[in-house]
*Asks:* 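First, the structure itself, so that you have it in front of you.
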Amino acid sequence: MANMLVAGNWKCNKLWNEAELFVDELSQILAQGDGQGQFCEVMVAPPSPYLAAFAQQFDGPFFVGAQHCSHQSMGAHTGDFTAEMLASCGVDFVILGHSERRADHSETDEMVAAQIRAALDAGLRTILCCGESLELRKLDEHFDWVKRQITAATTGLTPDEMAHVDVAYEPIWAIGTGVTASSAQAQEMHAFIRAVLAELHGDSVASDTRILYGGSCKPSNAAELFACQDVDGGLIGGAALDPESFAAIVAAARGVLSPS
Ligand code: PEP
């Protein structure tokens, strides 16, 4: 398995001065933990207006990610931005298919597939989000739903391209609700996702693809979730807004914090 990844999704939060403060504080805390435990990649995805400055001004110990890119090419699309634009200002990652974008901006599986294509063509690394609603889980349709999302987004990608795709399993019922999937629920779905990846792309791609968990992951439950065999890190929302709690989640991924 590759290195763990802990990615922070700020969503639509923080003013610029707060963002600068966060970077200073996080950099200091992460520097203190340097070299401890196993290596873990760290990524921070601030709101889009801050991306170029993050990528160009800060030499922080983390990658910079966008929360979205367009499925369309450059042109008459007011307010939108392309993967190439992100890459041209030094952004490393882009989060795609987040359930909030699917809900708030009517993003379809087809649009997410086109975004992944554009992001990979631009040389970006991608985090593909998938996950079911509570209704679908109650109907026992969550596995079919997640399989459909992954199939739609990754069919046709080569193994080299898949090396730049991380998957984030984010059950919608756990996002921002304080309700976390149990480690058994997370492991069950992550193992299923790995099996879907094996079916679509072969065993080697499946075992090399990182599968992150997202949904009310916090310092108190991160170590237990990360101890699951098929959980390779986390996509963190609320707990990524505070440098100390985000750094504690990174420490859990490094194995420095053990499950309580
Ligand atoms: C997210 O939206 O990606 C997320 C995981 O949010 P939270 O951690 O706040 O549930």
Side-chain angles (χ1 to χ4, degrees), residues 5 7-12 43 45-49 51 64-89 91-137 141-176 189 192-193 196-197 199-201 205 209-212 214-215 235 237:
L5 169 65
N9 173 13
W10 285 8
K11 310 188 183 187
C12 188
M43 186 275 266
S48 311
L51 282 168
V64 175
Q67 301 170 19
H68 159 73
C69 73
S70 178
H71 60 286
Q72 305 187 95
S73 317
M74 283 187 214
H77 310 296
T78 303
D80 224 331
F81 53 89
T82 68
E84 278 173 295
M85 292 174 189
L86 294 174
S88 76
C89 60
V91 169
D92 308 294
F93 274 85
V94 59
I95 300 169
L96 297 172
H98 193 284
S99 56
E100 288 158 10
R101 297 232 28 120
R102 292 182 193 256
D104 297 353
H105 300 272
S106 308
E107 289 189 1
T108 61
D109 281 342
E110 291 67 32
M111 287 157 79
V112 174
Q115 290 163 359
I116 289 219
R117 179 73 271 148
L120 294 172
D121 287 347
L124 295 174
R125 295 168 66 181
T126 62
I127 298 179
L128 165 66
C129 300
C130 60
E132 80 286 354
S133 65
L134 192 56
E135 293 69 35
L136 284 169
R137 183 166 272 265
E141 288 177 15
H142 46 307
F143 292 113
D144 287 349
W145 178 266
V146 166
K147 181 173 185 174
R148 202 209 64 229
Q149 288 182 318
I150 292 173
T151 305
T154 70
T155 295
L157 299 185
T158 66
D160 282 352
E161 289 170 338
M162 283 301 293
H164 295 94
V165 177
D166 298 304
V167 174
Y169 170 56
E170 299 208 304
I172 295 169
W173 46 272
I175 295 182
M189 183 57 91
F192 173 76
I193 291 171
V196 170
L197 290 169
E199 216 178 282
L200 292 169
H201 302 284
V205 166
T209 301
R210 286 189 293 209
I211 307 174
L212 317 179
L235 179 54

*Asks:* In Å and rounded to the nearest 0.5 Å, what is the OG to CE distance from Ser106 to Met111?
*Replies:*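 The distance works out to 7.5 Å.
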*Asks:* Where do Ala66 and Val91 come nearest, in terms of heavy atoms and distance?
*Replies:*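 Taking Ala66 first and Val91 second, the nearest heavy atoms are N-CG1, 3.9 Å.
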*Asks:* Tell me, do Met43 and Ile95 make a side-chain contact under 4.5 Å, heavy atoms counted?
*Replies:*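 Side-chain contact under 4.5 Å: yes.
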*Asks:* Just wondering, are more than 12 heavy atoms of other shown residues or ligands nearer than 6.0 Å to CD in Glu84?
*Replies:*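 Incorrect, the count does not exceed 12.
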*Asks:* Quick one: closest heavy-atom pair of Thr126 and Phe93, and the distance?
*Replies:*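 Looking at all heavy atoms of both residues, the closest pair is N-CD2, 4.4 Å.
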*Asks:* Decide whether Glu135 and Trp173 meet the rule of one side-chain donor and one side-chain acceptor closer than 3.5 Å.
*Replies:*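 No, Trp173 and Glu135 have no side-chain donor paired with an acceptor closer than 3.5 Å.
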*Asks:* Please round to the nearest 0.5 Å and tell me the distance separating atom CG of Asp80 and atom OG of Ser73.
*Replies:*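 Here the interatomic distance stands at 11.0 Å.
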*Asks:* Quick check on side-chain contact (heavy atoms from CB on, under 4.5 Å): which of Leu5, Asp166, Asn9 does Leu235 satisfy it with?
*Replies:*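 Filter result, single survivor: Asn9.
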*Asks:* Can you list everything that forms a side chain to side chain contact (heavy atoms under 4.5 Å, CB included) with Ala153? Sequence neighbours excluded, please.
*Replies:*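 Residues passing side chain to side chain contact (heavy atoms under 4.5 Å, CB included) with Ala153: Val112, Ile116, Leu128.
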*Asks:* Using a distance-only test with no angle check, is there a side-chain donor-acceptor pair under 3.5 angstrom linking His98 and Glu170?
*Replies:*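 Result is yes, a qualifying pair exists.
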*Asks:* Of the non-hydrogen atoms in Leu124 and Ala83, which two are nearest, and what is the gap between them?
*Replies:*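 So the two residues come closest at CD1-O, 3.7 Å.
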*Asks:* Taking atom CD of Glu161 and atom OG1 of Thr158, what is their separation to the nearest 0.5 Å?
*Replies:*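 Separation between the atoms: 3.5 Å.
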*Asks:* So which pairs with a foot in residues 121-130 pass salt bridge (Lys or Arg N to Asp or Glu O under 4.0 Å), sequence neighbours left out?
*Replies:*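 Of all non-adjacent pairs touching residues 121-130, those that pass salt bridge (Lys or Arg N to Asp or Glu O under 4.0 Å) are Glu41-Arg125, Arg117-Asp121.
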*Asks:* Is Glu132 close to Gln149 at the side-chain level, that is, under 4.5 Å between some pair of heavy atoms?
*Replies:*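 Sidechains of Glu132 and Gln149: no contact.
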*Asks:* Below 4.5 Å, heavy atoms only, C-beta onward: do Trp10 and Gln67 meet side chain to side chain?
*Replies:*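 When only atoms from C-beta onward are counted, Gln67 and Trp10 do touch, with a gap below 4.5 Å.
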*Asks:* Indicate yes or no: at least one non-hydrogen side-chain atom of Lys147 is less than 4.5 angstrom from one of Glu199.
*Replies:*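 Contact flag for Lys147/Glu199 side chains = yes.
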*Asks:* Answer yes or no: is there a side-chain heavy-atom contact under 4.5 Å between Val196 and Val146?
*Replies:*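 Result no, sub-4.5 Å side-chain heavy-atom pair not found.
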*Asks:* Before giving the answer on side-chain contact (heavy atoms from CB on, under 4.5 Å), spell out for Arg137 and Trp145 the whole-Å C-alpha distance, their side-chain angles and the decisive distance to 0.1 Å.
*Replies:* CA-CA 9 Å; Arg137 183 166 272 265; Trp145 178 266; over 6 Å; no
*Asks:* Grab the two heavy atoms, one from Ala113 and one from Ala152, that are nearest each other, plus how far apart they are.
*Replies:*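 Heavy atoms of Ala113 and Ala152 come nearest at CB-O, 3.4 Å.
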*Asks:* Considering non-hydrogen atoms only, spot the tightest contact between Pro46 and Gly65 and give its length.
*Replies:*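 So the minimum-distance heavy-atom pair works out to CD-O, 3.4 Å.
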*Asks:* Which distance, rounded to the nearest 0.5 Å, do you find between the OG1 of Thr151 and the CG of Asp109?
*Replies:*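 Between Thr151 OG1 and Asp109 CG, I get 9.0 Å after rounding to 0.5 Å.
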*Asks:* In Å and rounded to the nearest 0.5 Å, what is the OG to CD distance from Ser99 to Glu107?
*Replies:*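 The CD atom of Glu107 is 11.0 Å from OG of Ser99, to the nearest 0.5 Å.
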*Asks:* Do other residues, nucleotides or ligands put more than 12 heavy atoms under 6.0 Å from the NZ atom of Lys11?
*Replies:*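 Enclosed: over 12 neighbouring heavy atoms sit under 6.0 Å from NZ of Lys11.
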*Asks:* Does any non-hydrogen side-chain atom of Met162 lie less than 4.5 Å from one of Leu200?
*Replies:*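 No, every pair of side-chain atoms sits at 4.5 Å or beyond.
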*Asks:* Can you tell me how far the CD atom of Glu110 sits from the NE2 atom of His71, to the nearest 0.5 Å?
*Replies:*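 Rounded to the nearest 0.5 Å, the CD-NE2 separation comes out at 10.5 Å.
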*Asks:* I need the minimum non-hydrogen distance between Ile172 and Gly131, along with the two atoms involved.
*Replies:*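 Taking Ile172 first and Gly131 second, the nearest heavy atoms are CD1-O, 3.9 Å.
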*Asks:* With no hydrogens and no angle check, just 3.5 Å: does a side-chain donor-acceptor pair link Thr154 and His201?
*Replies:*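 His201 and Thr154 do have a side-chain donor-acceptor pair below 3.5 Å.
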